[in-house]
Amino acid sequence: MGFITALIIGGIVGWLASMVMKTNAQMGMLANIAVGIVGSMLGFWAAGLLGIAPSGGILRFVVAIIGASLLIFILQKLGVFKK
């Protein structure tokens with residue numbers, strides 16, 4: 001059940017991040033899920049480096065979206081997504 005929940009939340013996070021970064025038209029459902037999951041891990045890793053420990057659902061969700069947006073930014077610079 002945890003795996004399915006991670007896929008659903010990862011998809012939502014990736015979709016919201018793609019809307020923030022204006023790459024929504026270039027990304028499909030699988031890309032949204034992958035960016036959401038990997039971006040969430042990136043966001044929580046970066047938050048840990050900064051000494052931020054997000055507790056509570058809303059703050060954790062915001063950190064996940066920021067991390068996914070950061071991942072999309074990095075992928076744009078590598079040429080995977082175009083602006």
According to a 4.5 Å side-chain heavy-atom criterion applied to Ile, Leu, Val, Met, Phe, Trp and Tyr, with indirect links allowed, do I66 and L70 form part of one hydrophobic cluster? no

Scan the side chains in residues 29-52 for donor-acceptor partners under 3.5 Å anywhere in the protein, sequence neighbours excluded, and list what turns up.
{"residue": "N32", "atom": "ND2", "partner": "G28", "partner atom": "O", "Å": "3.4"}
{"residue": "S40", "atom": "OG", "partner": "G36", "partner atom": "O", "Å": "2.6"}

Quick one: CG on L75 to CE on M21, what's the gap to the nearest 0.5 Å? 9.5 Å

Which residues pass the side-chain hydrogen bond (donor to acceptor under 3.5 Å, both in side chains) test with S18, sequence neighbours left out? N24

Distance from Q76 atom CD to Q26 atom CD, nearest 0.5 Å? 7.5 Å

Quick check: is V80 connected to F73 through a chain of hydrophobic side chains (ILVMFWY, heavy atoms under 4.5 Å apart)? yes

Hey, could you give me the CD1/CZ distance between I65 and R60, rounded to the nearest 0.5 Å? 13.5 Å

L59, V20: one ILVMFWY side-chain cluster at the under-4.5 Å cut-off? no

Any idea which heavy atoms bring V13 and A68 closest together, and the distance? CG1-CB, 3.9 Å

Please check if I9 and M19 belong to a single hydrophobic cluster, counting links between Ile, Leu, Val, Met, Phe, Trp and Tyr side chain heavy atoms closer than 4.5 Å. yes

What is the distance from atom CD1 of I58 to atom CZ of F61, rounded to the nearest 0.5 Å? 8.0 Å

